[in-house]
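Notes follow once the structure below has been shown.
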Amino acid sequence: MPCALLALFASCESDKTPEPALDHLALGNPSGATTDVNQPTNYLLSKSQYVLSYHRDRGIPNWVSWHLSTEWLGTAARQDDFRADAALPATWYQAQSSSYTGSGFDRGHNCPSADRTKTVADNSATFLMTNIIPQAPNNNQNTWGDLEEYCRTLTKAGNELYIIMGQYGTGGVGSNGAKSTLDNGRITVPSRIWKVVVVLPAGTDDASRVTATTRIIAVDTPNNNSLNSNWASYRTTVDAIEAATGYDLLSAVSVAAQRTLEARVDTGPTQ
Ligand code: MN
Ligand code: MN
């Protein structure tokens with residue numbers, strides 16, 4: 001039934017802005033992930049707090065995508081309840097809270113705990129191990145932590161963000177030296193960790209508002225504990241990340257805008 005008719009009965013919802021929980025992939029699904037269990041290296045897991053592509057054989061997400069607006073920010077405390085994700089297909093190995101113990105790698109969040117503080121349930125969801133990768137401590141706590149903080153600063157300044165974080169390659173250097181896998185080979189240590197941040201003034205119809213002048217911050221960092229703590233030194237193009245991963249990022253944005261945006265290295269403020 002057309003919306004105008006439904007509106008007569010005061011029950012029409014279609015003109016409203018989508019719930020923030022539902023639009024994490026508004027700018028596209030980078031790897032065309034689906035819920036087909038026969039594609040275990042590119043398996044789509046959707047949660048209200050974020051959406052990801054999971055790689056069964058690496059035991060980590062390929063990428064995690066989430067929308068960040070002030071609607072997601074509140075006063076819920078950090079839950080720290082790292083745990084296995086029972087949403088994975090039943091026969092697949094589930095990374096455990098203890099899988100990284102003693103490895104020299106942090107349980108690094110993709111969607112950060114501090115981006116999901118509206119409710120206890122939202123914060124707790126970020127501690128599911130499907131949102132976690134082995135991340136060198138100095139990468140996680142310094143380089144990455146500062147970029148995450150800057151994203152929240154942009155949000156509080158009147159913007160809404162679409163953030164995609166992912167990894168590729170094999171082999172990192174943590175606080176106990178180089179490793180390729182953890183947990184008896186069930187979890188791969190990635191060699192590179194990247195992030196793409198799309199910055200829009202808070203508004204509606206987001207994909208259509210991304211134009212050739214929209215600010216995009218793309219970074220690609222080594223998963224090595226001796227990296228530079230200045231995230232801005234790792235700025236790169238979306239095109240370079242697409243070439244390294246084989247993904248099509250921002251595929252819901254017009255091709256003309258992608259062509260310009262994805263070739264540009266951000267030079268904007270960093271704090
Ligand atoms: Mn972190
Ligand atoms: Mn693209």
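Reckoned from all heavy atoms, side chains included, excluding hydrogens, waters and symmetry mates. Note that ligands are numbered from 1 as they come in the structure, with each ligand's atoms numbered from 1 the same way. Everything quoted here is computed from the prediction, not taken from an experiment.
- Within Asp248, the N, O or S atom lying nearest to the Mn ion (ligand 2) carries the name OD1.
- For the ring pair (Phe, Tyr, Trp, His ring centres under 6.0 Å) test with His24, the passing option among Trp66, Trp72, Tyr162 is Trp72; the others fail.
- Within the coordination shell of the Mn ion (ligand 2), defined by N, O or S atoms under 2.8 Å, Gln258 is present.
- Backbone or side-chain N, O or S atoms of Asp239 do not reach the Mn ion (ligand 2) at under 2.8 Å.
- Among the backbone and side-chain atoms of Val253, no N/O/S atom is found under 2.8 Å from the Mn ion (ligand 2).
- For the residue pair Ser31 / Asn62, no side-chain donor-acceptor distance below 3.5 Å is found, with atom types taken as modelled.
- Between the OE2 atom of Glu262 and the OE2 atom of Glu242, the angle centred on the Mn ion (ligand 2) amounts to 100° when rounded to 10°.
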Test His55 against Thr188 for side chain to side chain contact (heavy atoms under 4.5 Å, CB included), laying out the working first. CA-CA 10 Å; His55 194 304; Thr188 296; over 6 Å; no

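- Judged by distance alone, the side chains of Ser175 and Asn225 never bring a donor and an acceptor atom under 3.5 Å apart.
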Could you walk me through whether Val253 and Val198 pass the side chain to side chain contact (heavy atoms under 4.5 Å, CB included) test, one step at a time? CA-CA 11 Å; Val253 171; Val198 178; over 6 Å; no

